[in-house]
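Comments concern the structure below.
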There are 2 protein chains.
Amino acid sequence: MILASILSAEALQNAGRGPLYMKLRQVLEEAIRGGKLEQGEALPPERDLAEIADVSRVTVRKAVDDLVRDGLLVRRHGSGTFVSKPVSKVQQSLSRLTSFTEDMARRGFTTRAELLERGIFHPTTEEMVMLGLSAGTQVARISRLRMANDTPLAIERASISTEFLPEPENVTTSLYEELDRTGARPVRAIQRISACNVKEADAELLGIPAGAAGLSIERVSYLASGRVVEFTRSLYRGDAYDFVAEMTLGENDAAP
Amino acid sequence: MILASILSAEALQNAGRGPLYMKLRQVLEEAIRGGKLEQGEALPPERDLAEIADVSRVTVRKAVDDLVRDGLLVRRHGSGTFVSKPVSKVQQSLSRLTSFTEDMARRGFTTRAELLERGIFHPTTEEMVMLGLSAGTQVARISRLRMANDTPLAIERASISTEFLPEPENVTTSLYEELDRTGARPVRAIQRISACNVKEADAELLGIPAGAAGLSIERVSYLASGRVVEFTRSLYRGDAYDFVAEMTLGENDAAP
DNA sequence: AAGTGGTCTAGACCACCAT
DNA sequence: TGGTGGTCTAGACCACTTT
């Protein structure tokens, strides 16, 4: 076992300072980043690691926990712990309003969407405010898990006034295509981008560990008339998605 | 102790399903979000929590770990565990190129910057590529911890060709002000925004737990001539900063 | 000095996966 | 069935803060 020398109790003594689990974490991290452990390769079982490094299994788990959170390792229950294959990043330009489907197609990715929810519901207070719904009206909701090349990339939860999308079941691939058909394609959108730690349930859908960083994007789309068409919350995998924005210096503030 | 009833062993039995630490986490989370625990209020000591809920201290720590990672609780070594005060979010528009200082001043925040590093150095390979430096030339670096109303908000690490910033020690508040003075104020910039889990060292500077979500922003700024002026990596607290982008639908792709 | 969080241990049992 | 990760325990000692 090659790792025996890297992880020997003596090696740990000489590793960086701090608690044992940090030293162990650091040694493992260097082994991974340094290529001593190849992508997809299995780590020794936790019990073996504990014996090799002469620490308790709890300490091994704490070190591995960190590396899993950082995305360097992947645990598979009952199977083992493996060095992850890095996900290549995808970029989206912010200067142009496009749908996820159009966006990915342009890059040559095959996209797929798994339907999580689709139908007509009673609006939440937030939906009423964002979409400008009057009391008693209903709202169409479409929640989808977006995949690019069969890797989950984002969860998208869209709310649309039934006025513009009376038949949500017609939406199969692109929401914007269907809005085109109903004559309600938005021409302007405002996005709010922030970072968050992905909660357990969403993390499971995206295939990432709970607590991993995600890009949360709230988008409100407008018709030329100024009316709000849709309100979408998306959650992108932080390790797989970049947003690119071009900005210019000038006195031209945002359009009305 | 009010918590005794909320956290009693029986209450835990009836809480959501899953492992003990998840139930405990959920009960605590509901108590916090439901306002049963006020902001700034101290949680009972871990040992007490363990006894109240009739679980081991390790299990209590695992539940609390999660809530600390999510930012609902703050641990203070030797002092206690407290319900965090939420940080109000700040927004930055992406449609206009502004400096941090200008940006915050417009919102009425008082800003302060703690200098982390400032001087002239040998460039890294990345800096040479990004700034288009020729071999043997040097690079000016300014790293600062940005604060708004005395709360750390971002770490900013800027690299500038010495051609445009021969005397980095002149930069006190705004980098752009100094570039204005040397006649090298950029007119265009491209930003790449992504989410990441903040590493220990940076987390400490920002006053957030390691692993919390951060917005990583890489910015390359250009002169009107097209030359690159600066290359900046910023790391914003995910819980305190939003980026807002306005987009329009159209055939107008990004400018050359 | 007393109380708090931070780390660590040895051992146990369960749930899942491969064979 | 045997090996793997997932959870849990009781108890110990250390480091830091408060009094």
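Remember, it's a predicted structure, so these values are computed and weren't measured experimentally. Note on naming: letters A, B, ... go to the chains in the order of the sequence lines (proteins, then strands), and numbering restarts at 1 for each one.
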Could you tell me the separation between the [atom1] atom of [X] and the [atom2] atom of [N], rounded to a whole number of Å?
X: Asp48(B); N: dT4(C); atom1: CG; atom2: P; value: 6 Å
X: Leu49(B); N: dT4(C); atom1: CG; atom2: C1'; value: 12 Å
X: Asp65(B); N: dC8(C); atom1: CG; atom2: P; value: 13 Å
X: Leu24(B); N: dC8(D); atom1: CG; atom2: C1'; value: 13 Å
X: Arg61(B); N: dC13(D); atom1: CZ; atom2: C1'; value: 14 Å

Are Lys199(B) and Asp66(A) within salt-bridge range, i.e. N to O under 4.0 Å?
->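 No salt bridge links Lys199(B) with Asp66(A).
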Flag the pair Arg75(B) and Asp65(B) as a salt bridge only when some basic side-chain nitrogen lies within less than 4.0 angstrom of an acidic carboxylate oxygen.
->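 Answer for the salt bridge query: yes.
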Between dG5(C), dG5(D), dT9(D), spot the one nearest the side chain of Glu46(B), thanks.
->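 Closest nucleotide among those given: dG5(C).
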So, does [X] get its side chain near the phosphate of [N], meaning an N or O under 4.0 Å from OP1 or OP2?
X: Lys62(A); N: dT7(C); value: yes
X: Thr59(A); N: dT9(C); value: yes
X: Tyr21(B); N: dC8(D); value: no
X: Ser79(A); N: dG5(D); value: no
X: Ser56(A); N: dT9(C); value: yes

Lys NZ or Arg CZ of Arg76(A) over Phe82(A) ring: under 6.0 Å, within 45° =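 Yes, Arg76(A) lies over the aromatic ring of Phe82(A).
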Closest heavy-atom contact between Ser159(A) and Arg141(A)?
->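 So the two residues come closest at OG-CG, 3.9 Å.
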For Arg76(A) and for Val58(A), find the nucleotide of DNA chain D with the closest heavy atom, then tell me which residue's nucleotide is more 5'.
->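 Nearest-nucleotide comparison on DNA chain D picks Arg76(A).
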Base of dG11(D) paired with side chain of Arg47(B) (donor-acceptor, under 3.5 Å) =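 When only heavy-atom distances are counted, Arg47(B) does not reach the base of dG11(D) through any donor-acceptor pair under 3.5 Å.
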Reckon Arg57(A) touches a base, only the sugar-phosphate, or nothing at all at heavy-atom distances under 4.0 Å?
->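 Base contact.
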